[in-house]
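Each chain gets a letter, A, B and so on, in the order the sequences are listed, and its residues count up from 1. Heavy-atom basis, side chains included; hydrogens, waters and symmetry copies ignored.
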2 protein chains.
Amino acid sequence: MTTPDGPAGAGARSSGADTRERILVEASRLLAMKGYGGTTTRDIAAAVGISQPSLFFHFSTKLALVEELYRYDLVPAVQGMENLVVGAGSAGAKLYAMISAEITRVIDSPYDMRAHISLEALDDPDLAAYRDLLNQFDDMTRLLIRTGQESGQFVPGDSWLALQMVAGFLARANLFAAGDEIDRLSHPEEAASLILRSLLAEPATLDAVRREAAELLPKYATAE
Amino acid sequence: MTTPDGPAGAGARSSGADTRERILVEASRLLAMKGYGGTTTRDIAAAVGISQPSLFFHFSTKLALVEELYRYDLVPAVQGMENLVVGAGSAGAKLYAMISAEITRVIDSPYDMRAHISLEALDDPDLAAYRDLLNQFDDMTRLLIRTGQESGQFVPGDSWLALQMVAGFLARANLFAAGDEIDRLSHPEEAASLILRSLLAEPATLDAVRREAAELLPKYATAE
DNA sequence: CAGCTAGCCTATCAAATGATAGATATACTG
DNA sequence: CAGTATATCTATCATTTGATAGGCTAGCTG
């Protein structure tokens, strides 16, 4: 892309921390589109408007860059989920709170979180910690589903299938959050309701679940 | 992997069509794990047990290889969906039939269809046709959802969100079909029921929808 | 103003990657 | 049995890619 402001010659300009941030933004966008292996450090640098080696002033390696993106996404998610799980409340309300909070987080994020639904880079041993976090998140989600089923709040069924529905929906929501359809996500509540309706044994209780979830939401936000 | 039979020297051995098939199988598995950019022709060749240049005897380019995988996945899917859409039947039954048929297809496929949920390679102009097919499939799915909503069979709501739930669920089902959890997909009917319960205005009609869908299923299978 | 540091650049490297060239051996065909 | 097509190999190439080395400049600090 054309150099933004035009620091063609050299010299210290943009605050530095600012450049670092722009790198993360552009990298997340490119990684989401072309994957880890398909995104080159030259692509990223060009999008930011700096030279390719300048990337390595801000990030030691390409992997360190995506590591930071994974951390930004996964650490608050697992934190929030843990806060929810250990607290009081029905499984349905917790699940509802988690879904709407996650979608809100995606909307508010400066980065394109689509980058993370591709598990491609997570195979690297250096990112094993984040692979673990992702598994933890899924495990807790599944626990919520199973708890709801055993309590009778949810219809009985395969908790694994239900997990794929929840996780798949969240992933797709991420997937298009950066696209033209971002306005669609303006109502996280509708997204959560859509999923809950599939699980609740008694659909009429959805409103009650929603009210209960509203009180749990602050717990999730305490994360970070 | 260790060379399967051991045609170390040279010469024509395995039927050729057989090698071609093994390439597709191994490539789909690797592409699913490491993405298009992350999977090298050497990786694929090693997994098959042939030399890297031998790959180019069977496929002119790396892209031609994945093109064939995309075709195998998308052409029958769009075909089946079209057959369903133009025929008679309620939107709910059509959606139910589509979901269970798609999951059946994933199970029966020799290839790892996870490769296709990564849109990475689809950015390439040479694969624009398959990008279009994917969009067509989503459009038709959304049409089914909207039709169901307008007829009153489904609860009203944002058809875009509902589409993300359906598509996301199918993608995740693919994602793990090749993993340890493949047995979970043994019951495509349960998967379809899970989604339909979220959409049906009257959950009690699920059994009726299921019976109606059973008659539509052959139409989908006529594809290919 | 001297000096240091942060931030960026150009030039360049070693390794990896997609693809080609040419040799070789097997199997079918007449 | 000679000849042709098939399928594979080794050797190699031109690019691309992640990363390093070293220089230049702006701005802060004393």
Set of side-chain contact (heavy atoms from CB on, under 4.5 Å) partners for A:E26, sequence neighbours left out: A:R29, A:A47, A:V48

Minimum-distance nucleotide (side-chain atoms of B:F56 versus D:dC9, C:dA19, D:dA19): C:dA19

Interatomic distance, A:R20 CZ vs C:dC8 P [rounded to whole Å]: 12 Å

Gap between atoms CG and P, on A:L55 and D:dT17 respectively (whole Å): 13 Å

A:K62 NZ - D:dT16 C1' separation (whole Å): 12 Å

Rounded distance (nearest 0.5 Å) linking atom CG of B:D43 with atom CD of B:Q52: 10.5 Å

Electrostatic pair B:D138-B:R142, nearest N-O below 4.0 angstrom: no

Whole-Å distance separating the CD1 atom of A:I50 from the C1' atom of C:dC9: 11 Å

side-chain N/O A:T41 vs D:dG18 OP1/OP2, d < 4.0 Å: yes

Ring centre gap for B:Y111 and B:Y72 strictly below 6.0 Å: yes

Atom pair distance, as rounded to whole Å: CZ in B:R42 and P in C:dT17: 7 Å

Side-chain N or O of A:H58 closer than 4.0 Å to phosphate OP1/OP2 of C:dC8: yes

Interatomic distance where CD1 belongs to B:I44 and C1' belongs to C:dT17 [whole Å]: 12 Å

Presence of B:S54 side-chain N/O under 4.0 Å of D:dC9 phosphate oxygens OP1/OP2: yes

Distance, rounded to the nearest Å, where A:F59 contributes CZ and D:dT17 contributes P: 20 Å

Nearest-Å distance for atom pair CZ/C1', residues B:F57 and C:dT26: 13 Å

Touch class at under 4.0 angstrom, heavy-atom based, for A:T40 against every strand present: sugar-phosphate

NZ or CZ of A:K94 within 45° of A:Y220 ring axis and under 6.0 Å: no

From CA spacing to verdict: side-chain contact (heavy atoms from CB on, under 4.5 Å), A:I44, A:L65: CA-CA 11 Å; A:I44 300 171; A:L65 204 173; 4.2 Å; yes

Terminal axes of the helix from C:dC1-D:dG30 to C:dG30-D:dC1 (five pairs each): angle between them, nearest 10 degrees: 0°

Lys NZ or Arg CZ of B:K62 over B:F56 ring: under 6.0 Å, within 45°: no

